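Some notes on the structure that comes next.
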Amino acid sequence: MSAGWFRRRFLPGGPLPAPRPPRPRASPVPYRRPRFLRGSGSGPGSADAPRRPDARPVRSPARGRALPWNAGYAEIINAEKSEFNEDQAACGQLCIRRCEFGAEEDQEWLTLCAEEFLTGHYWALFDGHGGPAAAILAANTLHSCLRRQLEAVVEGMVALQPPMHLSGRCVCPSDPQFVEEKGIRAEDLVIGALENAFQECDEVIGRELEASGQVGGCTALVAVFLQGKLYVANAGDSRAILVRKDEVRPLSSEFTPETERQRIQQLAFVYPELLAGEFTRLEFPRRLKGDDLGQKVLFRDHHMRGWSYKCVEKSDLKYPLIHGQGRQARLLGTLAVSRGLGDHQLRVLDTNIQLKPFLLSVPQVTVLDVDQLELQEEDVVVMATDGLWDVLSNEQVARLVRSFLPGNQEDPHRFSELAKMLIHSTQGKDDGPTGEGQVSYDDISVFVIPLHSQGQRSSGH
């Protein structure tokens with residue numbers, strides 16, 4: 001984004017936007033669970049059941065309702081943190097070019113077009129905060145944004161080398177050489193499409209929530225399989241891992257105020273107006289007190305990975321831009337994540353300070369070349385919202401996967417059963433994998449995606 005756009009959008013004193021004629025307020029976003037859970041039975045957090053404080057049943061798709069690649073799914077609602085399950089999920093077949101949405105209300109998953117040109121698959125998890133509306137909008141919208149973005153570049157994706165001009169026109173005879181020197185490949189077009197789709201979806205959510213008078217945001221974790229490669233795009237603190245017999249490979253990184261400290265501090269350095277004189281961008285090991293004035297204390301700024309000392313001034317006593325550590329770290333004392341969708345109206349309590357300038361909707365994209373793996377039958381990708389990872393480590397999840405799958409090879413629903421077992425392992429049993437009876441009180445949603453048979457067929461897509 002340009003500096004000029006940034007100043008006009010977020011900083012005081014810029015030109016006021018032209019007044020827009022009032023429009024009728026849209027209806028609030030209706031609450032619902034993923035369509036593929038229909039028929040799985042009522043439970044807390046479902047649209048047709050009252051909330052029972054004494055029960056947190058784990059829900060998964062009804063037997064006989066298959067998801068793409070026979071993937072498994074399970075979810076559990078939070079322990080009364082909020083009235084609704086603020087997680088959302090979506091999955092479906094992804095067909096690129098001349099697409100139309102499937103109109104059936106009870107379709108088993110999202111079918112994005114009727115005419116196949118290039119086919120892939122899509123799985124997504126959205127972890128909402130401030131209400132479920134943003135996550136619901138993201139689940140309903142992101143796949144269509146992605147389809148449009150992929151259609152815009154599909155001709156370059158299927159070429160041996162992405163052309164400089166999509167029309168095929170060659171203005172300069174050395175254009176192919178320039179593209180080759182930049183190392184631009186088809187997968188870079190998919191990465192760009194994902195990044196643009198997240199940005200487009202974020203704008204849609206902002207408009208829809210403003211029109212309906214609702215608020216909120218969500219993290220987003222998406223896996224897309226196209227042309228033999230699995231693309232994992234993450235904006236937030238959900239996580240995806242690849243589990244194989246002798247390997248556990250992270251496929252995403254969490255984005256929190258701590259992990260993105262330098263980016264956030266850099267923005268406050270360039271645009272100090274964003275802090276409105278209420279916060280200090282500097283980081284200290286703890287919040288400073290009046291007795292620290294004049295003392296030399298440890299600190300670090302946007303340009304520093306290490307630490308140094310400075311003499312404490314009065315301005316250093318303001319509330320820190322990033323405060324706390326680990327799961328307790330907060331941006332402007334408000335948010336625990338630094339990337340995601342929505343939150344356009346979110347402000348620091350009792351101030352007019354917006355958080356959106358510090359939040360990125362752009363995901364980090366990891367590419368797994370499935371065609372290059374010697375896949376085994378029990379190789380899976382586990383995607384889950386942060387409620388699972390708050391209790392289980394990557395290695396603990398991998399151990400559970402490896403202990404469960406070999407003994408359940410004949411069960412056609414084994415991947416959903418595995419997803420349910422992973423959630424049950426976060427519910428405080430002393431004999432669980434942590435050995436400490438730890439409990440996750442958050443919403444949890446889990447996809448388990450098997451790679452073996454689908455990886456073998458990928459060359460035909």
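Small disclaimer: the values here were computed from a predicted structure and weren't measured.
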Thinking salt bridges, do [X] and [Y] make one under a 4.0 Å N-O criterion?
X	Y	answer
Asp390	Arg239	no
Arg261	Glu258	no
Glu378	Arg244	no

Just list the side-chain donor-acceptor pairs under 3.5 Å for residues 180-190, sequence neighbours left out, or say none.
residue: Glu181; atom: OE2; partner: Gln177; partner atom: NE2; Å: 3.0
residue: Arg185; atom: NH2; partner: Glu187; partner atom: OE2; Å: 3.2
residue: Glu187; atom: OE1; partner: Lys229; partner atom: NZ; Å: 2.6
residue: Asp188; atom: OD2; partner: Arg185; partner atom: N; Å: 2.7

For Tyr31 and Phe84, take the angle between the two ring planes, folded into 0 to 90°, and tell me which bin it lands in: parallel under 30, tilted 30 to 60, perpendicular over 60. tilted

Scan side-chain atoms only and decide if [X] and [Y] contain a donor-acceptor pair under the 3.5 Å cut-off.
X	Y	answer
Asn78	Asp442	no
Asn70	His413	no
Glu377	Gln409	no
Asn140	Arg32	yes
His302	Gln265	no

More than 12 heavy atoms of other residues, nucleotides or ligands under 6.0 Å from [atom1] of [X]: yes or no?
X	atom1	result
Met164	CE	no
Arg63	CZ	yes
Glu247	CD	yes
Tyr441	OH	no

Pair Asp202, Lys356 - check salt bridge (charged side-chain N to carboxylate O under 4.0 Å, His left out), show working. CA-CA 11 Å; Asp202 181 58; Lys356 189 61 176 177; 2.9 Å; yes

Under the criterion salt bridge (charged side-chain N to carboxylate O under 4.0 Å, His left out), I'd like the reasoning laid out for Glu260 against Arg263: C-alpha separation, chi angles, the key distance, then a yes or no. CA-CA 5 Å; Glu260 293 211 279; Arg263 176 186 69 79; 3.1 Å; yes

Just by distance, do the side chain of Arg414 and the backbone of Asp411 share a donor-acceptor pair under 3.5 Å?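 The answer is yes, because a donor-acceptor pair under 3.5 Å joins these two groups.
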
Has the side chain of Arg249 got a donor or acceptor atom that lies under 3.5 Å from a matching backbone atom of Val243? no

Please determine whether side chain to side chain donor-acceptor pair (under 3.5 Å) holds for the pair Asp127 and Thr219, giving the CA-CA distance in whole Å, both sets of side-chain angles, and the decisive distance to 0.1 Å. CA-CA 5 Å; Asp127 185 352; Thr219 66; 4.6 Å; no

Indicate yes or no: at least one non-hydrogen side-chain atom of Pro61 is less than 4.5 angstrom from one of Leu37. yes

Less than 4.5 Å apart, side chain to side chain, heavy atoms only: is that true for Phe415 and Leu405? yes

Output all residues satisfying salt bridge (charged side-chain N to carboxylate O under 4.0 Å, His left out) with Glu195, sequence neighbours left out; order by chain, then residue number.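 With sequence neighbours excluded, Glu195 shows a salt bridge (charged side-chain N to carboxylate O under 4.0 Å, His left out) to no residue whatsoever.
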
Going by the rule ring-ring contact (aromatic ring centres under 6.0 Å, His included), which residues pair with Tyr73 if we only count those two or more places apart in sequence or in a different chain? Phe36, Phe447

